[in-house]
Each structure stands twice: as C-alpha cells, then as structure tokens.
There are 2 protein chains.
Amino acid sequence: MQLVFLESAVSIDRRSGCPINLSLEVFGDRWSLIILRDMIFGGRRHFRELLNGSLEGIASNILADRLKRLMELGLLTKADDPSHKQKAIYSLTEMAITLVPIMAQLGAWGRVWLPVTEELSIRAELLEKGGPPLWNQFMDELRHEHLGAPSKAPPGTPTVRQQLRAAYDEVVARKAEMPSV
Amino acid sequence: MQLVFLESAVSIDRRSGCPINLSLEVFGDRWSLIILRDMIFGGRRHFRELLNGSLEGIASNILADRLKRLMELGLLTKADDPSHKQKAIYSLTEMAITLVPIMAQLGAWGRVWLPVTEELSIRAELLEKGGPPLWNQFMDELRHEHLGAPSKAPPGTPTVRQQLRAAYDEVVARKAEMPSV
DNA sequence: CAATCTGATTGCATTTTGCAATCAGTTGCA
DNA sequence: TGCAACTGATTGCAAAATGCAATCAGATTG
C-alpha cells in the first residue's frame, strides 16, 4: 500500500496503470466479489444478511473490513436504516452496478469449466442466455433499488431477480422430487 | 484446502458450487490473471519472459508457484523447448483461451472506473469496440498459436494481437511527440 | 428489566505472501 | 577448456492476510 488511489482515503499499490491489473487490485481477493455478488443477486443490504446469508461463510471481521474497503473504493455507500437506529443499509454505486457484465461472464465461464452445482448455476445460465439486453434490464433495476433512479420497467413485468429466483426454485423443487437424478 | 478439485492433483476449498465463487477460487488472487494476461495479450511463453516482461514485477517464486497451480487447474500446459534442454514452453489450454471475454469485460470496466494510463488502456478500448466478433477472432488465433488448431484467418489479415500492438505503439508515439498533452 | 438483535472490534494462531538470495544444469563464447 | 550468462526454479525469512472465537455497547422487543 503506497500510492493514494483516486481521491479517496484508500491506498492501493498501483503496480501498473493496466486496466486488468487495476481491476484485480480492486477485487483480486477471495471475498470482495462474493460480497458484491450477494448484494447484486441476493438483494442483501445489511451486515447480518451478508454475514449469515453467504454460502461461503465469511467471518465477521473480514466482512467488516471488506465493506469498509469497498466503500472507500467507491463501490458501496452506507446509510442509516430508519427502522433501527443501529442498522445500516449498504447500497451499490453505479461503479458496482456496472459489474453485472463481468459477473455474467465469470458465471458463464465457471459454469463451463468448474464443478458447479446445478441449482447454483441455473442463474448464470439464464444470465448468459439473456445476454446484454437482460444485463441492462437488471442494471436498471439495481439503479432503481440502490440509487433511487426512476423505474424503467413496464408495470407487471417480473424483475430479473425474480426470474433468476424462480429458475433457482424450480431446479431445487425438481431435484427434491427426483433425488436420484 | 480440503476437497479434491476435479480429477487433478490440485485441491481447492470448494466453499460452494456457485460459478462465481468457483471462478474466484481459481483467480481470486493478485497474480494468476496477470500471468494469463501476459500470455494472452503479450504472447509470452517462457518463464523468463513472464518474469522480466511483466510491468507489475512478479517474484520468481510466486511465478513458479502460480504456473504450477495453473497447470494443475488445467489452464496451462508445459512442453520442452527443442532449442534449449532446460527451456519450457507454456501453452494456454482451451479453458484459458475462453477467458478472453472476461479479460475484455474486466478491461472495459477498469478503463471506465480506475486510473488507467492511456497507452495501457487503448487495447482494452479496441477490444471493447470490437466486441464478441473480435474476441472470437482473437480466440481462434490463440487456438492456432497454442493448440495447433488450423488457422481460420484469411491470409494477409493482421492478427488481433498485431492490431492491439499497433494501437499501443501509436499512442506511445503520439505521447512522445506531445509530452505535455 | 432481561433477552435478543444490531454492526461491528479484539486477540490470537495459522496460512499466505513477497522479497532476496541461492541453486544446479545448459548454453555461448573466448 | 574454462567461464560467464542464462535456464527454470527453490529456500529462508519477515510481513501481511486470514479465520475463528470471544466480546462489545447500544437499540429494540417481550
């Protein structure tokens, strides 16, 4: 940690000005992207939701550290929850919302080459098949949720997250019916 | 490190079967993707080329460790160099070649949000503008280079790597002419 | 007023990382 | 023949990151 990064208080190495290197310096660790994944696809906004909801079992000190770091890097913001004076709501910034295409490509690649489970990869499959139009719809929904942007969705259309959720539930239900398959 | 990963000798945690998580377990570190970037975009094939050529200055023990790991994960293969009995040539596998879209998206995102330098981001810009057709052409070229696949390129067309290199050289030349801009 | 829930923080042992130095075998050249 | 340079690594060591368990104080609920 040596050079000041942008105008924020976070410092990162800046080993080089290569975009791939700089991106790696932002999420080249085992947890940052997992947290963002849970916020983007799981809709989690609170510390406890992220702590207990994650399949991978992040430790609370690491979660606290990464949330702080992601805020300093400009990927998250934090606000008070009106319903509970100690509760904080974390929001994605535009910078984080535009990670959706990267998440989609990562998911698509992992689905092909790594030992994914069916119920957890159905979402990646849907996202891949939907392509950039679906990614854009999803990003618009996230802007509505997290940035208060006006919703562009025609009323009555299911949200992308609902579609992903429905596909997941369907696989889980099918697997429960036919446990041997 | 607990569970055996695929059929290889490498073991990784398998914290969950989520494709994004598994992808992160493959390159959720600061060096693996840098090495693959230098092989894909820089055309590097030897230990020394990777060691001395990288802008970020990887240490030799880390390079050795990551090359071994990437081989065990199925992203690289190693072969003897006929010209030198101690020299090894590293090749990308299909698994690694299909990272091109991820690299392109990472580069595009980093170019927008991080303090990249112009000469290092021109390639990301070109790759973004070229879109999937250019990515596919590039992947075909890599298959030809690394897997011995027949070349699909019409004779006389510049390779994608040549195009990227030319764009980089142009920026460097322009900046040398007008150092104040 | 006690139990529970909130978002953390602390201490500590283990693991991973990164730098510097070093290694033995191979090659090129005088 | 001899020796320097180059090959792909390996080793030792200090520093940093990680992960677990315990703990915290304030807010809310029953």
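Reminder, nothing fancy here: chain letters follow the sequence lines and each chain counts from 1.
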E145(B) with R161(B): basic N within carboxylate O range, under 4.0 Å: yes
Any W31(A) side-chain nitrogen or oxygen under 4.0 Å from OP1 or OP2 of dA17(D): no
Spacing of I35(B) atom CD1 relative to dG8(D) atom P, expressed in whole Å: 14 Å
Ionic contact status for D65(B) with K68(B), cut-off 4.0 Å: no
Cationic N near anionic O, under 4.0 Å, D169(A) to R165(A): yes
Ion pair E128(A)/R123(A), N-O distance below 4.0 Å: no
Charged N-O contact under 4.0 Å between D81(B) and R45(B): no
Aromatic contact, F41(B) with F138(B) (centres under 6.0 Å): yes
N/O to N/O distances under 3.5 Å, protein versus nucleotides 20-24 of chain D:
unit_1  : atom_1 : unit_2 : atom_2 : d
dC20(D) : N4     : N61(A) : ND2    : 2.5

N-O pairing of R174(A) and E118(A) below 4.0 Å: yes
Of all pairs that satisfy ring pair (Phe, Tyr, Trp, His ring centres under 6.0 Å), the ones with a partner from residues 53-79 of chain B, not counting sequence neighbours: none
d(CD1, I62(B); P, dG8(D)) in whole Å: 18 Å
Length of the CG-C1' vector between D80(A) and dG7(C), whole Å: 12 Å
Atom-pair distance (CZ on F47(B); C1' on dG25(C)), nearest Å: 15 Å
Whole-Å gap separating C1' (dT6(C)) and CZ (R45(A)): 17 Å
For DNA chain D, the residues among residues 83-93 of chain B that have a non-hydrogen atom under 4.0 Å from it: H84(B), Q86(B), K87(B), A88(B), Y90(B)
Distance in angstrom units between L63(A) CG and dT10(C) P, rounded: 16 Å
Rounded distance in Å - CZ (R66(B)) to P (dA9(D)): 15 Å
Min side-chain heavy-atom separation R37(A)-E56(A) under 4.5 Å: yes
Interatomic distance, D65(A) CG vs dA17(D) P [rounded to whole Å]: 9 Å
